[in-house]
Structure formats: C-alpha cells, structure tokens
Student: 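Structure incoming, see below.
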Amino acid sequence: MIDVMVNLLALSLMGFIVWWFWLSRRHLKQASGSAVIEVVVENGIYSPAHIEVLQGVPVRLQFERRDPSPCAEKVLFDELGVALDLPLGEKTALVVGPLAAGEYRFSCQMQMYHGSLVVK
Amino acid sequence: MIEKQIQLSIGGMSCAGCVASVERILQAVPGVDNAAVNFVEHSAEVSGSVSAQALIDAVVVGGYEAAELKGTADEAAEKEVAEFAYYRSLLKKAWVAGVVATPLMLMMLFGAMPVLEGGGRIFWAVVAMASLFVMVYSGGRFFTGAWQAFKAHNANMDTLIALGTGTAWLFSFLILIWPTLVPPEARHLYFEAAVMIIALINLGAALEMRARGKTSEAIKRLIGLQAKMARVVRNGKEIDVPIEQVGVNETLRVRPGEQIAVDGVIIEGRSNIDESMISGEPLPVEKNVGDEVVGGTLNKSGSFLFSATRIGADTALARIIEMVRQAQNSKPAIGRVVDKVAGVFVPIVLLIAVITFMVWFNFGPEPTMAYVLLTTMTVLIIACPCALGLATPISIMVGVGKAAEYGVLIRNGDALQRAGQLTTVVLDKTGTVTEGRPAVTSVMSAAGWDEAKLLSVAASIETGSEHPLAEAIIAAASGRGLPLSPAEDFEAIAGHGVRAQIDGVSVLFGNRKLMADYLVELNDLLEVAAALAVKGETPMFLAVDGVAAGIVAVADPVKRDSKAAIARLRKIGIQVVMLTGDNAATAAVVAKQVGITEVIAEVLPADKSAKVAALQAKGEVVGMVGDGINDAPALARADVGFAIGSGTDVAIESADVTLMRGSLHGVADAIAISKATVRNIKQNLFGAFIYNSLGIPIAAGVLFPLFGILLNPIVAGGAMAMSSLTVVSNANRLRLFKPEGAQQ
C-alpha cells in the first residue's frame with residue numbers, strides 16, 4: 001500500500017514539475033502598461049520576469065541588480081541583439097521599441113535567469 | 001526612483017551669467033531637488049529622483065553641452081572591488097563549511113563515526129546543528145535562490161544544489177529523531193556530505209570568479225589607456241583636474257610624454273603623437289594646428305593646446321570599449337542552440353531525479369531507502385547546467401578581447417563565428433590594398449633642369465588646382481621645403497591638365513594629350529613615361545615656354561604589409577580577389593605587386609555588391625574588405641564585412657569587423673582568432689555535454705547492476721564544482737593564442 005502511494009506521489013511530482021515549469025509559466029508575476037518598468041535582479045530571478053507592453057510604445061526597462069553572483073552581471077535580449085552590463089547595486093536602463101507584436105525573451109548569459117517581454 | 005546625486009560636466013558656459021541659466025534649466029527638470037553649477041570646474045551637482053539622461057537632454061536643449069561625470073575607469077574599478085568582495089565572501093563560506101565538514105569526513109574515512117544509539121545520538125545531534133548552521137550561513141543563498149526561482153516558475157543551479165543538499169540534511173535529521181522510520185541497515189546519515197558539497201561548490205564558484213576576471217583582461221587593458229587626469233586652461237591658469245571634469249570646448253594643455261585625455265583639435269603648437277594604440281600606425285604622427293587628436297594616445301615630443309570636442313562616453317576610445325563590451329556579450333548561432341538546452345536543463349534533471357527515485361524505490365536492493373536517497377541526491381548534485389551555459393559566452397569574451405588586442409574590432413559573436421568559415425576574401429583596391437593617398441613616386445627632369453626646380457614649378461601651378469593629385473604634388477614639394485611661386489592666369493583644362501603663368505613664363509602641366517595640343521616635343525620622356533605607367537604610376541609632363549622640362553609621376557602606393565598579409569591569406573587556403581573601379585591596367589599592376597591573381601576591374605561602386613553576390617552564388621563564403629562608407633552595400637552583402645578604419649571614424653558602427661590598424665593582416669588575424677575561438681567553444685560544449693550525459697546516468701546508478709558502481713555525492717559535488725571551472729580555464733587558454741604570422 002505504501003509502495004503504491006509513494007509511486008503515485010512520485011508520478012504526481014513529475015506531473016507537477018512539467019506543469020509548473022512548462023505549462024503554467026504564464027502565471028508569472030507581471031508588469032504591464034507603464035512605459036517605465038523596473039526589473040529587480042535578485043536571488044537568481046528577474047522580478048517581474050514577465051512583462052507585457054502595448055505595441056507602438058517605446059519601453060524603458062530599468063534593471064536594478066542586487067544579486068552579487070557573476071551570473072547576474074549581464075542581461076541579453078537575443079532577438080533584439082542587445083546585451084546589457086548590470087553593475088551591482090545600480091540601475092541600468094534599456095530603452096526599446098516601439099517593437100512589433102511578439103515575445104522577446106531575455107536571460108542571463110547562462111540561461112539560468114529568464115524573463116520575457118511580450119508586446120501586444 | 002531612488003534619491004541620488006548626479007555630477008555633470010557642463011560645456012558651453014562662456015560667462016558667470018550662464019551659471020544661473022544652467023541652474024534654472026536643471027531645476028526645471030521634474031524630480032530635481034537641488035542643482036548647483038560650478039563655473040570654475042564647469043560642472044554641476046544635482047540631487048533628486050531623476051536620471052542623468054533627463055538632465056543631459058534638458059541642458060542640451062537649453063543650448064549647452066553636458067555629460068555625466070563618471071568615467072569607464074571608475075566603473076571598472078567599482079566592478080573590480082565588488083567582484084573581489086564577492087570572491088572573498090565565497091571563500092569565507094567555503095572555509096567555514098570546510099572546517100565543519102573536514103573532521104567529519106576524516107572520521108568517516110577512518111570508520112570513527114559513532115552509531116546512532118545512546119551517546120552517539122548526542123554526537124549526531126551536535127553534528128546536525130553544526131551542519132544546519134553551515135547550510136544557513138554558507139548555503140543559504142542556494143535556498144533563497146531556489147525558492148525565488150521556484151516562485152517565478154523557474155529552476156536554476158540553486159534549485160539543484162538546494163534540493164540535493166536539503167534532501168540529504170532533512171532525511172538525515174528525520175532518521176536522527178526517528179530512527180525506526182527505516183530499517184537499521186538504511187540508517188545512514190548524510191550531514192557531512194551536505195556540508196562538504198556546499199564547501200566544494202562555494203570554493204568552485206570562488207575559483208571560477210577569479211578565472212573569469214582574467215577573461216576580461218583585454219577590455220581592462222583598453223580601459224587602462226584612458227588618462228585619469230587632464231590639464232585644463234581655465235581663466236588663463238593651467239590646472240590639473242580629473243578627466244571626468246573636462247567639458248566640451250575646454251582648452252587642454254598636453255606636455256611631452258603625457259597621455260591625451262579626450263578627443264579634440266589642436267589650437268596651438270605642434271607635436272608628434274604615438275597613435276599606435278588606436279590606429280596601429282607604429283611611427284608617431286606629426287600633428288599641427290587644426291589636426292585632430294584622439295584621447296588615450298601618447299604625446300611624444302612637443303607641447304600643445306587643444307580644444308576638447310568629444311568627452312566621456314563619446315570619445316573614440318570609449319566607443320571602442322563599448323563596442324568590444326557589446327560584442328563580448330553577444331552570442332553566435334552555435335551558442336543559441338545550446339541556450340535552448342540550457343533553458344530547460346534543470347527541470348529535466350528534476351524529472352530524471354524523480355525517475356531515479358522511482359526505479360531504485362521499486363527495483364533497488366535493500367536497504368532501499370539508503371540507495372534511493374544516495375542516487376537521487378547525487379543526480380541533483382552532479383548535473384551542471386552552468387558549464388553548458390558558460391561554454392559559449394566565456395570563449396566569445398576571450399576571443400573578442402584577443403581580436404581587439406590585434407586591432408580587430410568584431411561586432412558580435414556571429415561575425416566571429418563566420419569569419420572562420422570564409423573561403424574567399426574580396427579586397428577593394430584604393431585605401432585597402434593601397435594607402436588610398438596618392439603620393440609623388442618619381443620626378444624625372446629633362447636636360448637643363450633639376451628635380452627640385454621641376455617639383456617646385458609643378459607644385460606652384462597646382463596650388464590653384466582642385467584635382468586630387470594636386471595635393472600629392474604640393475605635399476611632396478613642401479615636404480622637401482621647396483619654395484612656391486604664385487600662379488597667374490591659371491586655367492584648368494578638363495581631362496588634360498593645367499596652364500598658368502609663373503614668374504613671367506608660361507607653364508603647362510598635364511598628360512600627353514595636353515603636350516600634344518600645345519605641340520611640345522617629348523622625345524625621350526615618352527619612353528620614361530611608358531616605363532612609369534607599367535609600374536602603375538601616373539606620369540604628368542611639365543613644359544615651360546613650350547619646352548618639356550620633365551615628368552612628375554604620382555601613384556597610390558601599396559601598403560607596405562599588403563603583400564605579406566595576402567600571402568598569409570592564401571597560405572590558409574583563402575581565395576583572394578581584388579575588386580576595383582579603377583581601369584584594368586592599373587588594377588593589374590597593383591594586383592601583381594601584392595600577389596593577387598584574380599582581379600575584377602572597372603566595377604561601378606553600385607555593382608560591387610552584385611559581384612559579391614555572384615561569388616556567394618558559386619558557393620563561396622565571402623569576406624569583403626573595404627572602407628566603411630563607399631563600400632557599405634558590398635560590406636553588408638558579404639558574409640563578413642571588414643571595414644578598414646582608423647577606429648576613430650564611423651566605420652566602426654557599420655561593419656561586422658573593423659580593422660583599426662588599416663592593415664590587411666587584420667583579416668588573417670580575425671580568421672585565425674575566429675577558428676581558435678570556435679574550436680575552444682566546441683571543446684567546452686563537448687566537455688560540458690559529455691560531463692552531463694555521462695555524469696547524470698552514472699549518478700543515477702546505471703553502472704550498479706553490472707559493476708556495482710555508485711557515485712559518492714561528495715565526489716559528484718566536487719565534479720560539479722570543477723566542471724564550470726574547467727570550462728572557464730579552457731577559455732582562458734585562448735588568451736595565450738597567437739595567430740600564425742601575426743604582426744604583433
């Protein structure tokens with residue numbers, strides 16, 4: 001009986017991993033609307049990680065790096081060909097757009113910190 | 001926005017009255033609490049919740065110049081201090097964890113660990129508390145990082161470490177307080193393993209940080225070229241100020257042996273300036289009033305005054321640094337594929353860990369729980385997405401920096417990767433293979449004339465001409481210190497030459513047709529002229545009072561290292577083609593001089609890109625080398641566009657690769673560095689892939705059924721810490737790379 005329960009638990013855990021890390025990413029902390037968006041880089045994440053903006057409006061993304069790990073020192077927007085150095089303890093701004101509708105992902109160099117800028 | 005102090009340098013303030021005006025402008029910017037302008041220092045200090053850019057924009061709109069007073073050198077120094085502090089904190093954490101873990105490890109090795117009964121339980125309780133302290137102090141960041149990432153539906157390195165060590169500690173703690181939970185043979189405790197893993201990972205991260213610092217040495221060297229202080233002339237007095245306080249249009253004094261602080265134009269004095277760090281020109285360049293000087297270059301002999309034209313982030317050096325930095329951050333196509341894997345790596349490892357758990361739970365031998373925990377924990381600990389993610393960017397960082405050392409500015413990772421794949425290099429002629437500056441190459445006088453007199457008369461008549469070759473002749477005469485006489489009744493005869501009266505005599509200067517029109521007998525000079533034309537020189541005849549006086553020949557000389565550079569390209573199997581708008585005869589002469597066999601001549605500028613496309617259609621991967629402005633379409637069309645630029649002009653904004661030194665050796669250097677970098681990336685990726693694809697299954701226990709081999713989690717932790725360190729160290733090897741045949 002315990003064996004069955006442990007197995008069921010393990011299977012549910014796998015289901016949870018798939019759901020949490022792949023299927024439900026849309027429920028991220030969001031920021032939207034405003035033309036100036038502050039993104040805090042701390043503890044291995046961008047907060048907010050999911051940003052929605054309206055098409056046709058330039059956006060000012062202001063990254064504030066509080067994370068001393070070297071992983072946090074750069075943020076790359078591959079589709080935009082932009083790479084930004086983030087000095088520790090400072091705010092670094094990136095002005096983009098107006099962009100075409102679509103999703104523009106950003107990450108650290110090692111793909112451990114993720115975020116996306118969605119233009120609607 | 002946080003309340004902060006911003007310092008600006010203000011240019012364009014001519015009188016004390018401007019102070020109030022600039023202060024008013026600054027105070028009108030929303031968010032400014034206070035603004036104070038210092039006329040003597042040409043600076044302003046602003047406090048408030050406002051960005052420096054908003055202030056600069058306002059000041060510029062108000063008709064003044066402004067720049068934030070913050071040098072790249074300051075930023076680099078700040079970064080270094082922050083990095084060192086972080087390195088120290090990592091080492092300290094590793095040390096604290098090591099102090100707790102090492103005795104425990106030794107006791108375990110010598111079988112001195114007490115059993116989990118009676119007094120032994122008290123010993124283990126103390127160990128549990130000590131390891132909990134280490135988990136919080138040395139490993140706390142993994143847990144907060146993992147939790148934050150989890151909340152953001154993300155999983156990273158911290159997730160794996162926190163889960164691996166956290167499960168080990170928690171399981172051990174449960175057994176400690178509730179030993180009967182598992183059978184006696186499964187009562188293994190893993191406190192020391194959790195602590196040792198944390199020690200090793202912190203140590204690995206510290207060493208990696210150190211090694212990473214070396215990868216950015218190239219940019220540090222560029223930053224090191226910037227002067228720290230400048231001597232400005234204010235109110236008639238010369239004072240030394242930090243370079244950040246120099247404003248646009250300020251006058252600066254440079255003495256012999258000093259570094260030039262910012263870009264500007266000489267307004268008084270003359271000197272020889274060593275520009276080798278920017279242009280690669282090995283000999284000092286003579287500069288006079290009106291000539292431009294570049295920040296970061298070295299004044300050799302004279303003392304002069306110059307007016308600052310570009311300061312701070314606008315100087316040529318600052319733009320070069322920024323470009324190298326951007327390129328170092330970019331990723332080539334090869335890296336983007338890896339990113340897709342790295343992006344989903346951690347959740348996949350989590351799934352593998354659960355599968356490992358289930359397999360051992362259902363099919364593992366007794367004591368099942370001990371095996372389950374050991375294998376699951378080891379899978380989580382050994383997986384290293386960092387090595388995978390780091391493999392490409394770290395090599396690009398070193399490769400781009402290495403190229404910059406050779407005066408080759410590479411725009412991005414893609415260009416770096418493609419440069420190594422080139423099969424054909426197309427060279428523009430003028431300014432690329434040749435100097436691009438016509439010069440007098442031969443002076444042949446007829447009987448009764450000497451060279452000096454001949455050149456003096458030719459230069460005198462050309463002072464009125466706007467022909468491009470005229471400049472070369474006047475320069476040659478002034479170079480020899482020859483006197484010039486005024487030309488009267490000057491007449492330019494299009495396509496033929498010029499005619500004028502000099503010192504009362506009639507002078508003709510031009511081609512053979514001009515001489516024929518005025519019935520000047522050329523006799524032996526015709527043969528001389530023919531011989532010069534074969535050498536690629538353009539002969540011009542001088543006749544005085546209807547009698548031939550001699551020939552002045554002008555040519556665009558081939559750069560002294562073009563031949564050697566082209567030989568280098570051919571040696572590595574690159575097909576070299578010359579593409580030029582010049583006539584076929586001149587093109588052939590130049591091609592022969594430098595060893596090019598394939599020439600496409602008489603091509604209109606607009607057709608150059610079509611020729612590049614035609615080569616591409618034949619399956620060639622084409623690199624085009626030309627000047628950044630005239631050849632822009634062909635450069636854009638090519639797989640890699642190389643702009644010949646001095647590093648100070650706009651070319652660096654437009655090409656894939658800028659050859660700052662103007663030498664074709666840069667093309668061969670770029671190709672060699674590209675190949676070395678891509679090879680390095682592949683080694684890194686191979687290592688990281690092999691490491692993970694072998695390490696994870698072994699950790700999961702695939703070798704156990706056949707060979708009885710299981711990995712110790714501490715070994716896994718050590719391997720994980722080493723794997724990213726290995727990648728960084730391998731990339732660092734690139735720093736020692738020297739392109740074969742390179743000039744530096």
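Just so it is clear, the values below take in all heavy atoms, side chains as well, and ignore hydrogens, waters and symmetry mates. On a predicted model such as this, the values are computed, not experimentally measured, just so you know.
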Student: So, the side chain of A/Asp67 versus the backbone of A/Val41: is there a donor-acceptor pair under 3.5 Å, distance only?
Tutor: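 Answer holds: no.
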Student: What part of B/Leu90 gets closer than 4.5 Å to chain A, counting heavy atoms only: side chain, backbone, both or neither?
Tutor: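 Nothing of B/Leu90, per the 4.5 Å heavy-atom cut-off to chain A.
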Student: Tell me which of these, B/Met358, B/Met157, B/Glu208, B/Arg141, has more heavy-atom pairs under 4.5 Å with chain A than the rest.
Tutor: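 Greatest number of close heavy-atom pairs with chain A: B/Met358.
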Student: Which bit of B/Asn412 is near chain A, if near means a heavy-atom gap under 4.5 Å: side chain, backbone, both or neither?
Tutor: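 Contact with chain A: none, neither part.
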Student: Measure the acute angle between the ring planes of A/Phe63 and A/Phe77, then classify it against the limits of 30° and 60° as parallel, tilted or perpendicular.
Tutor: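 The rings of A/Phe63 and A/Phe77 stand perpendicular, inter-plane angle above 60°.
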Student: Distance-only, no hydrogens or angles: does the B/Asn154 side chain make a donor-acceptor pair with backbone N or O of B/Ala149 under 3.5 Å?
Tutor: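 No.
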Student: Fit a plane to each ring of A/Trp20 and B/Phe150, take the angle between them on a 0 to 90° scale, and name the class: parallel (under 30°), tilted (30 to 60°) or perpendicular (over 60°).
Tutor: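 Ring orientation of A/Trp20 relative to B/Phe150: parallel.
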Student: Out of A/Leu13, A/Val18, A/Ile17, which one racks up the most heavy-atom pairs below 4.5 Å with chain B?
Tutor: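 When all of A/Leu13, A/Val18, A/Ile17 are compared, A/Ile17 has the most.
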Student: Return the orientation label for the A/Trp19 and A/Phe16 ring planes: parallel under 30°, perpendicular over 60°, tilted otherwise.
Tutor: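 Judged by the thresholds at 30° and 60°, the geometry between A/Trp19 and A/Phe16 is tilted.
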Student: Under 4.5 Å, counting heavy-atom pairs only, tell me which of A/Leu76, A/Asn7, A/Leu11 racks up the most with chain B.
Tutor: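 Heavy-atom pairs under 4.5 Å are most numerous for A/Asn7.
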Student: Among B/Asp414, B/Val346, B/Ile394, B/Leu350, single out the residue with the greatest number of heavy-atom pairs under 4.5 Å to chain A.
Tutor: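 If we count pairs closer than 4.5 Å to chain A, B/Leu350 comes out on top.
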Student: Could you tell me which non-hydrogen atom of B/Ile410 sits nearest to which non-hydrogen atom of B/Ala415, and how far apart they are?
Tutor: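 Looks like CG2-CB, 4.1 Å.
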Student: Side chain from CB out, backbone as N, CA, C, O: work out which of these in A/Ser107 comes under 4.5 Å of a heavy atom of chain B, or both, or neither.
Tutor: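 Neither part.
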